[in-house]
Amino acid sequence: MGYKNLILEVEEGIALLKINRPKVLNALNRETLLELQQALKEVEEREDVRVVILTGEGEKSFVAGADIAEMKDMTPTQALAFSQLGHATLGMIENLGKPVIAAVNGYALGGGLEIALACDFIYASQQAKLGVPEVTLGIFPGFGGTQRLPRLIGKGRAKELIFTGEMVDAQMAHELGIVNKVFPPERLLEEVKNTARRIAQNGPVAVSMAKGSVNAGYNLGTEEGEAIEITIWANCFATHDQKEGMGAFLEKRRPQFRGE
Ligand code: DAK
């Protein structure tokens, strides 16, 4: 389907989903979040999609945050609805049954960094700038930033970024563990696609189950997490892909995964 504030292209099992409001550095307004929910439903359902890449249109920005012009005059009731919409959208990304890679091509600020943190992992351009400047606007990171960021990089480092509102460059974000890999801007998308292609060759159900297992156990103790892993892992043996993957190994051929 067509979108106003998004571009969705699917090729070789990979969905490239671009936030497309470059005039405002891809800031997230209500309409864009609603479209994002639609697009996430679409890529979840499409059998020709195995991996999703989320990025921003234009050379300057991934997402420069929630749309400040739209937020400025919100009432608390509207802010609550906006917050719920944001949380629901980021939850859809985090729990999508397919991997979502963030390709951070420029500014990832506020809600923009929070949306990247909801993805499975982040690759960034050398030009990227990341941060959570909400306190400079009289609010604080409200799309899960006070939860996902400390879990990823530790409480002290997250608090420093959140309290100062300072941006870090891609190299520093890499050192902090926010970003997995950094590339020159002109290579970013191709490198993300290479990784996406590698993932897309693997058993889709196994990749999806692995994502579910990591997510389900992430906020639990090791024993509870292992109990979840045991159950999900055993369910792999109910799939065609497990029989095909192991059969292909023993017959010394490439597996033909069906995603079932
Ligand atoms: N919202 C709306 N417009 C934005 C924007 C944003 N976040 N960021 C940039 N723009 C617009 C600018 O207003 C400008 O518009 P025009 O003046 O051309 O009409 C255009 O994009 C180009 O921006 P600049 O002229 O400022 O470009 P520069 O290169 O000079 O600066 C910049 C780039 C990224 C450093 C600067 O634009 C900037 O500081 N932008 C704001 C970044 C920011 O503060 N982001 C955090 C937003 S707050 C919630 C939960 C979470 C959130 C909200 C609610 N609930 C729980 C309810 C999240 C909040 C945020 O994300």
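We use all heavy atoms of the structure for the numbers below, so side chains are in, but hydrogens, waters and symmetry mates are not. All ligand and atom numbering here is 1-based and tracks the order in the structure.
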Electrostatic pair Arg253:Glu244 at N-O distance under 4.0 angstrom: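 Salt bridge: yes.
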
Please determine if Lys211 and Asp120 form a salt bridge, counting it only when a charged side-chain N lies under 4.0 Å from a carboxylate O.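 Yes, charged N to carboxylate O under 4.0 Å.
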
With distance as the sole test, does [X] use its side chain to make a donor-acceptor pair with the main-chain N or O of [Y] at under 3.5 Å?
{"X": "Thr231", "Y": "Ala227", "result": "yes"}
{"X": "Lys243", "Y": "Phe237", "result": "yes"}
{"X": "His240", "Y": "Gly259", "result": "no"}
{"X": "Ser208", "Y": "Gly97", "result": "yes"}

Is there a protein heavy atom less than 4.0 Å away from [atom]?
{"atom": "atom 49 (C) of ligand 1", "result": "yes"}
{"atom": "atom 29 (O) of ligand 1", "result": "yes"}
{"atom": "atom 24 (P) of ligand 1", "result": "no"}
{"atom": "atom 7 (N) of ligand 1", "result": "yes"}
{"atom": "atom 57 (C) of ligand 1", "result": "yes"}

Heteroatom proximity flag, [X] to ligand 1, N/O under 3.5 Å:
{"X": "Gly111", "answer": "yes"}
{"X": "Ile139", "answer": "no"}
{"X": "Ala69", "answer": "no"}

Surrounding [atom1] of [X] (heavy atoms of other residues, nucleotides or ligands, distance under 6.0 Å), is the total greater than 12?
{"X": "Lys129", "atom1": "NZ", "answer": "no"}
{"X": "Glu59", "atom1": "CD", "answer": "no"}
{"X": "Glu11", "atom1": "CD", "answer": "no"}
{"X": "Met172", "atom1": "CE", "answer": "no"}

Residue set satisfying side chain to side chain contact (heavy atoms under 4.5 Å, CB included) with Ile230, at least two apart, ordered chain then number -> none

By side chain to side chain contact (heavy atoms under 4.5 Å, CB included) - contacts of Glu47 (at least two apart):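 Testing Glu47 for side chain to side chain contact (heavy atoms under 4.5 Å, CB included), a comparison that skips the adjacent residues, returns none.
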
Which protein non-hydrogen atom lies closest to [atom], naming both residue and atom, and how far is it?
{"atom": "atom 45 (N) of ligand 1", "value": "Ala64 O, 2.9 Å"}
{"atom": "atom 55 (N) of ligand 1", "value": "Ser83 CB, 3.5 Å"}
{"atom": "atom 11 (C) of ligand 1", "value": "Val24 CA, 3.8 Å"}
{"atom": "atom 37 (O) of ligand 1", "value": "Leu25 CD1, 3.6 Å"}
{"atom": "atom 41 (C) of ligand 1", "value": "Ile68 CD1, 3.9 Å"}
{"atom": "atom 38 (C) of ligand 1", "value": "Leu109 CD1, 4.7 Å"}
{"atom": "atom 53 (C) of ligand 1", "value": "Met71 SD, 3.3 Å"}

From the candidates [options], the one that places a heavy atom nearest [atom]:
{"atom": "atom 59 (C) of ligand 1", "options": "Gly144, Gly65, Ala66, Gly86", "value": "Ala66"}
{"atom": "atom 32 (C) of ligand 1", "options": "Phe140, Tyr107, Phe143", "value": "Tyr107"}
{"atom": "atom 15 (O) of ligand 1", "options": "Gln78, Arg21, Lys23, Met167", "value": "Lys23"}

Can you list the ligand 1 atoms lying under 4.0 Å from a non-hydrogen atom of [X]?
{"X": "Gly142", "result": "50 (C), 51 (C), 56 (C)"}
{"X": "Pro133", "result": "43 (C), 44 (O), 45 (N), 46 (C)"}
{"X": "Leu137", "result": "44 (O), 47 (C), 48 (S)"}

What part of Thr136, side chain, backbone, both or neither, has a heavy atom within less than 4.0 angstrom of ligand 1? neither

Does a donor on one side chain sit under 3.5 Å from an acceptor on the other, for Glu31 and Asn5? yes

Does ligand 1 have an atom under 4.0 Å from some heavy atom of Lys60?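 Heavy atoms of Lys60 do come under 4.0 Å of ligand 1.
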
